[in-house]
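Written out below as structure tokens is the structure these notes cover.
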Amino acid sequence: MLDHIIPKPPTIKPYQAHQMVQGLADGNPVLFADRGDRLLVRTSQKLTKDAQRVRQCRAGDVVGFELRACVSKKRKGKHLYPDTSDWRVRHQWLDRQAEKHGFEVLTVNCHAERLVIDDQRTRKFAIDQTDFVGVLKVVDEEKFKAALEKGIGSTARTFGFGMLEI
């Protein structure tokens, strides 16, 4: 897997970033994170000449991380989001994800807000945007590698959520 940094105007909105990345990916799996004036795009394709290989970790490695995720529960086909001030629910969600993806959260802080997604035509909706920053310990190398390649969480990946950055 390769990480690519692609400069962009900071005014590009989430739906526009989604369209840009999907156009680059040409139907291949891709993760991305919007970093204001640039996109960090992770894919197996070589998109840029300065692509960097995703850092590999071994069991026992302790590393800092960032993750933007949409914390939700699904009930009767509808996403339910916790109150933006409820950090305990978010920490519990991340602990469950960590167990599935081969790592242990050693320390974490999070900030949550609602993000409005608007395609400027027919769709406009709000989703949970939780930014996690912390330190983790790799427990299972294979599961952790898969998390780096495929992402974490199931909601809003197409809008730049779920990419674990170390």
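The first residue of the sequence shown is numbered 1, and numbering continues consecutively from there. Just so you know, these numbers use all the heavy atoms, side chains as well, and skip hydrogens, waters and symmetry mates.
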Taking the side chain as C-beta and beyond, is there a heavy-atom pair between K150 and P29 under 4.5 Å? no
Following the transitive rule for hydrophobic clusters with a side-chain heavy-atom cut-off under 4.5 Å over Ile, Leu, Val, Met, Phe, Trp and Tyr, establish whether V41 and V54 coincide in one cluster. no
Just checking R75: does its CZ atom have more than 12 heavy atoms from other residues, nucleotides or ligands closer to it than 6.0 angstrom? no
Output for pair (I152 CD1, R68 CZ), nearest 0.5 Å, gives 15.0 Å
Rounded to the nearest 0.5 angstrom, the CZ-CD distance for F159 and Q19 is 9.0 Å
Rounded to the nearest 0.5 Å, the NE2 atom of H4 sits from the CZ atom of R42 at a distance of 10.5 Å
Smallest heavy-atom separation, S72 atom then H79 atom, equals OG-ND1, 3.2 Å
Heavy-atom nearest pair, E165 first then A33, reads OE2-CB, 3.5 Å
**Asked** Should V62 and L106 count as side-chain neighbours, where that means a heavy-atom distance under 4.5 Å?
**Response** yes
The side chain to side chain contact (heavy atoms under 4.5 Å, CB included) partner of P14 among I117, V116, I127 is I117
Aromatic ring pairing Y15/H18, orientation class (parallel under 30°, perpendicular over 60°, tilted between) | tilted
Query - Residue pair D118, K13: steps toward the side-chain contact (heavy atoms from CB on, under 4.5 Å) verdict - result: CA-CA 8 Å; D118 186 353; K13 302 208 181 327; over 6 Å; no
* Distance-only, no hydrogens or angles: does the T43 side chain make a donor-acceptor pair with backbone N or O of L31 under 3.5 Å? -> no
Report task. For D34 and K8, run salt bridge (charged side-chain N to carboxylate O under 4.0 Å, His left out): C-alpha distance rounded to whole Å, both residues' side-chain angles, the deciding distance at 0.1 Å, then the answer. Result -> CA-CA 9 Å; D34 189 336; K8 72 165 190 67; 3.3 Å; yes
Checklist entry - If you draw a 6.0 Å radius around CD in Q22, do more than 12 non-hydrogen atoms from other residues or ligands fall strictly inside? => result yes
(request) Evaluate the side-chain proximity of K145 to Q56: yes if any heavy-atom separation is below 4.5 Å, no if none is. (result) yes
E141 side-chain N/O to A59 backbone N/O, donor-acceptor pair under 3.5 Å: yes
d(L40 CG, Q52 CD) to nearest 0.5 Å is 10.5 Å
Check your understanding: side-chain contact (heavy atoms from CB on, under 4.5 Å) between V21 and L39: does it pass, once the steps are laid out?
Key -> CA-CA 9 Å; V21 171; L39 295 174; 3.8 Å; yes
Nearest heavy-atom approach of F132 to A69 is CE1-CB, 4.1 Å
When every non-hydrogen atom of A17 is compared with those of F32, the smallest separation belongs to CB-CE1, 3.9 Å
(message) With a 6.0 Å cut-off (strictly less than), is the heavy-atom count around NZ of K46, excluding the residue itself, greater than 12?
(response) yes
Smallest heavy-atom separation, W93 atom then G153 atom, equals CZ2-CA, 4.0 Å
- Message: Any salt bridge linking D61 with K137? Criterion: basic side-chain nitrogen under 4.0 Å from a carboxylate oxygen.
- Response: no
Interatomic distance, NE2@H101 vs CG@L148, rounded to 0.5 Å, equals 10.5 Å
- prompt: Between W87 and V89, is there a shared hydrophobic cluster once you connect ILVMFWY residues whose side-chain heavy atoms come closer than 4.5 Å?
  reply: no
Notebook entry, point to check: Is a side-chain donor-acceptor pair under 3.5 Å present for T130 with D128?
Noted result: yes
Distance col, row C70:SG vs R114:CZ, nearest 0.5 angstrom, shows 8.5 Å
Nearest heavy-atom approach of T107 to F65 is O-CE2, 4.1 Å
Report, as yes or no, whether the 6.0 Å neighbourhood of atom CD1 on I5 holds more than 12 heavy atoms from other residues, nucleotides or ligands. no
Result for side chain to side chain contact (heavy atoms under 4.5 Å, CB included) between F161 and one of L115, D131, L67 points to L115
Would you check if V108 and H91 make a side-chain contact, meaning some heavy-atom pair closer than 4.5 Å?
-> yes
Q) Would you call the rings of F144 and F103 parallel, tilted or perpendicular, where under 30° means parallel and over 60° means perpendicular? A) perpendicular
**Item:** S44 side chain reached by N28 side chain, heavy atoms, under 4.5 Å
**Value:** no
